[in-house]
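To start, the structure under review is shown below, and the notes come after it.
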Amino acid sequence: MQQIREAADYIKLHTQLTPETGIILGTGLGGLVASLKIETEIPYDDIPHFPVSTVDSHHGRLLLGTLQGKKVAVMQGRFHYYEGYSMRQVTFPVRVMKLLGIKQLFVSNAAGGLNTTFNIADLMVINDHINLQPANPLTGTNYNELGPRFPDMSQPYNSKLLAKAKQIAEQMNYPIHQGVYAAVPGPNLETPAEYKYLRIIGADAVGMSTVPEVIVARHMDIPCFAVSVITDLCFPGAIEEVKIDKILAAAAKAEPFLTELILNMLL
Ligand code: HPA
């Protein structure tokens, strides 16, 4: 708790801006930043107790500014469990953003498509999730000042934000689905049998992030909105060897539409 406060105090000392929306950008999905009127930029390395991003395709910095005139804190680069961070480290920035004042959290990620109606570079708004990661960020001492010991998960993704996304999706000429995201630990991708299992248990997409951040945000009663970019297809007949450059290419194709969706969600 002390570390969360120190990190938030450091950021507050370096910016005038009080963000209302926190945004976490996933792999290859940094393009939203071009629309951002940046007021303050802080490298993660400078923020006390912040973990440091290790993935090449991520820039590690916190941006404070305005998008569509709305005050936002944007995490350019996130922390993954597979990088070796503890779940508390992975979710530390979400708790810091809460202390900065955020009232909602938007998250994006790259994910494999399990639903056979999906195509590469489609978007999927996450309407529920299945947590298959082996650790939970809320294990251990509960910070009662942040939230309850046994937080409710009946509405992991905010129904008003989901309804708004549906309306926006209808106006956009782009495939935007809604579905269930399964979070796995990674870093390896799944075997064909694992993809089949994930489909059977009801997942539409699979990835290695997002769920820890959403759990911690819901613990603090922050409404959440999350979108997956479908970067590869994971059902029989479509499964191919997954290459990181193909994932990044699919992310790049979908990215302008993800940006359009998020910008409209802020209006
Ligand atoms: N599995 C897990 N994570 C992923 C995938 C996948 O197929 N694609 C992008 N992230």
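Start at 1 and go down the list; that is how both ligands and their atoms are numbered.
F235 meets the ring-ring contact (aromatic ring centres under 6.0 Å, His included) test with no other residue; sequence neighbours excluded.
Between the side chains of Y81 and Q133, no donor-acceptor pair of N or O atoms lies under 3.5 Å. A donor and an acceptor atom, one from each side chain of H219 and N142, are located under 3.5 Å apart.
The pair R5-E145 meets the salt-bridge criterion, with a side-chain N (NZ, NE, NH1 or NH2) lying under 4.0 Å from an Asp/Glu carboxylate O. Under the 4.0 Å criterion applied to side-chain N and carboxylate O atoms, E20 and K70 are not assigned as salt-bridge partners.
Residue-environment remark: NZ (K166) stays at or below the threshold of 12 foreign heavy atoms within 6.0 Å.
The immediate protein surroundings of ligand 1, defined as residues with any heavy atom under 4.0 Å of it, consist of A110, A111, G112, L189, E190, Y195, V206, G207, M208, T231, D232, C234, I247.
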